[in-house]
Structure formats: C-alpha cells, structure tokens
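Below you'll find the structure, written out as structure tokens, and then a few comments.
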Amino acid sequence: MSKFNFKNKKFALIQNSNNGQVNTETVFNYNQDGNLVTADYFGGTIKYGKIIAELKDNELNMLYQCLTTDNELKAGKALAQISLTENDKIKLSLDWEWLTNGSEKGNSEYIEIE
C-alpha cells in the first residue's frame with residue numbers, strides 16, 4: 001500500500017514548460033481507489049480534462065486528455081514523481097509528452113491545495 005492518498009485532493013500548478021497547456025487557473029480534482037488514481041481538471045485554458053494513472057510506490061504513471069478553450073483536443077502521457085512538502089502536502093513533479101500535435105515534451109510541478 002502506498003503512503004500517498006489522493007482521495008478528494010485538489011492540486012494546482014506551480015510551474016510548467018512553455019509548451020504546456022495548463023496554467024495557474026487550472027484546478028485538478030483527484031480521487032483514488034487502491035492503485036487507481038483519477039482526476040478531472042478544468043479552468044484557465046482547459047474546458048475539461050481527465051487523468052487516469054497507476055500509483056506505484058512514489059510514482060504515478062499517467063495518461064491524460066483534455067479539450068482546451070480553443071476547442072483543441074489533446075492527449076499525452078506523463079511520469080510523476082511524488083513527494084511531500086515540509087507541511088505534508090503532496091507535490092507532483094511530471095515529465096510529460098504530448099501524444100497529439102507532434103511529440104513535444106516538458107516538465108511541470110503541481111502542489112496539493114486546500
């Protein structure tokens with residue numbers, strides 16, 4: 001069993017590569033059932049997005065898709081390294097890659113909020 005719990009957790013962006021789609025107005029609502037982690041996200045440049053991920057130790061192996069506010073449908077994959085901050089909030093450090101629109105790659109970081 002993992003030491004990380006994503007049930008009913010919210011996350012926000014700390015930083016993103018220039019070719020990333022989400023911004024600081026995007027909110028991620030996570031949930032968890034065993035090693036299955038899911039999230040809905042929206043706000044900012046995202047009308048709606050969905051993440052499905054497998055939790056293993058301190059990593060999330062993720063697939064994601066979204067519809068942007070420009071009505072662009074995008075999909076990608078990411079490997080997230082999970083850590084805890086000094087105040088026990090979950091932090092995600094992602095290495096991601098778009099599977100649509102070429103294979104652009106980037107990095108982003110997210111922090112648990114509320």
Side-chain angles (χ1 to χ4, degrees):
M1 189 71 183
S2 174
K3 62 182 175 182
F4 301 106
N5 178 5
F6 287 87
K7 190 169 183 101
N8 298 319
K9 300 284 176 107
K10 290 186 180 205
F11 287 78
L13 180 72
I14 299 172
Q15 69 85 22
N16 201 0
S17 298
N18 290 337
N19 56 341
Q21 188 65 52
V22 302
N23 62 27
T24 56
E25 296 173 28
T26 309
V27 176
F28 295 77
N29 297 302
Y30 276 79
N31 236 309
Q32 182 176 349
D33 183 6
N35 71 330
L36 170 65
V37 176
T38 59
D40 295 329
Y41 60 102
F42 53 87
T45 57
I46 304 295
K47 274 189 188 178
Y48 180 76
K50 187 75 176 175
I51 295 170
I52 183 170
E54 178 189 21
L55 175 61
K56 187 174 181 184
D57 299 322
N58 67 334
E59 291 183 339
L60 282 175
N61 188 4
M62 311 171 112
L63 292 172
Y64 54 89
Q65 58 191 356
C66 65
L67 183 64
T68 70
T69 53
D70 293 331
N71 291 314
E72 186 178 6
L73 189 60
K74 301 183 87 169
K77 64 180 182 176
L79 186 60
Q81 299 295 322
I82 310 166
S83 60
L84 290 175
T85 64
E86 291 177 3
N87 58 351
D88 288 328
K89 296 292 184 184
I90 297 173
K91 181 180 175 183
L92 302 174
S93 299
L94 276 67
D95 288 319
W96 53 262
E97 178 180 351
W98 289 114
L99 299 174
T100 52
N101 308 327
S103 293
E104 291 182 318
K105 295 180 180 184
N107 308 97
S108 56
E109 290 187 347
Y110 301 85
I111 191 77
E112 179 186 344
I113 57 174
E114 296 180 9

Scanning both residues in full, the closest heavy-atom pair of Leu73 with Thr100 reads O-OG1, 4.3 Å
Between Ile14 and Leu92, is there shared hydrophobic-cluster membership here, with clusters defined by ILVMFWY side-chain heavy atoms closer than 4.5 Å? no
Provide the closest heavy-atom pair for Tyr41 versus Lys50 in the form atom of the first, atom of the second, distance. CE2-N, 3.4 Å
Evaluate side-chain hydrogen bond (donor to acceptor under 3.5 Å, both in side chains) for Lys47 paired with Asn71, printing each intermediate quantity in order. CA-CA 8 Å; Lys47 274 189 188 178; Asn71 291 314; 2.5 Å; yes
Atom OG1 of Thr69 and atom CD of Glu25: how far apart are they, to the nearest 0.5 Å? 10.0 Å
Contact between Lys105 and Asp95 at the side-chain level, heavy atoms closer than 4.5 Å - yes or no? no
Could you state the interatomic distance from NZ (Lys9) to NZ (Lys89), rounded to the nearest 0.5 Å? 7.0 Å
Determine, using the 4.5 Å side-chain heavy-atom cutoff (strictly less than), whether Val37 and Trp96 are members of one ILVMFWY cluster. yes
Non-hydrogen atoms of Phe42 and Asn29 that approach each other most closely: CE2-ND2, 3.4 Å
Looking at every heavy atom in both Gln15 and Leu13, which two are closest together, and how far apart are they? O-CD1, 3.1 Å
Sole residue of Tyr64, Phe11, Tyr110 in ring-ring contact (aromatic ring centres under 6.0 Å, His included) with Phe28: Tyr110
Taking C-beta and beyond as the side chain, do Gln65 and Leu99 meet within less than 4.5 Å on heavy atoms? no
Taking Thr68's backbone N and O only, do any of them form a donor-acceptor pair with Thr45's side chain (distance below 3.5 Å, no angle check)? no
Taking side chain as C-beta onward, heavy atoms only, is Glu112 less than 4.5 Å from Tyr30? no
Apply side-chain contact (heavy atoms from CB on, under 4.5 Å) to Asn31 and Leu36, showing your working. CA-CA 8 Å; Asn31 236 309; Leu36 170 65; over 6 Å; no
Distance check, rounded to the nearest 0.5 Å: Asn107 atom CG versus Leu94 atom CG? 8.5 Å
Between the main-chain N or O of Gly34 and the side-chain N or O of Gln32, is there a donor-acceptor pair closer than 3.5 Å? yes
More than 12 non-hydrogen atoms from neighbouring residues, nucleotides or ligands closer than 6.0 Å to CG on Asn18, yes or no? no
Nearest-0.5 Å distance that lies between atom CH2 in Trp98 and atom CD in Gln21: 5.5 Å
What pair of heavy atoms forms the shortest contact from Gly44 to Asn23, and how long is it? CA-OD1, 3.5 Å
Do the side chain of Asp70 and the main chain of Glu72 share a donor and acceptor less than 3.5 angstrom apart? no
On a heavy-atom basis, which atom in Ser17 and which in Gly106 lie closest, and how many Å separate them? OG-CA, 3.4 Å
Is there a side-chain contact between Leu84 and Ile90 (heavy atoms, below 4.5 Å)? yes
When you measure from the side chain of Thr26 to the backbone N and O of Gly43, does any donor-acceptor pair fall under 3.5 Å? yes
Decide yes or no for Phe6 and Thr38: does some side-chain heavy atom of the first lie under 4.5 Å from some side-chain heavy atom of the second? no
Is the closest side-chain heavy-atom distance between Phe4 and Leu60 below 4.5 Å? no
How long is the straight-line distance from SG of Cys66 back to CD1 of Ile51, given to the nearest 0.5 Å? 9.5 Å
When you compare the side chain of Lys91 with that of Ser93, does any pair of heavy atoms fall below 4.5 Å? yes
NZ/Lys74: more than 12 non-hydrogen atoms of other groups inside 6.0 Å: yes
Sub-4.5 Å side-chain heavy-atom contact between Ile82 and Leu55: yes
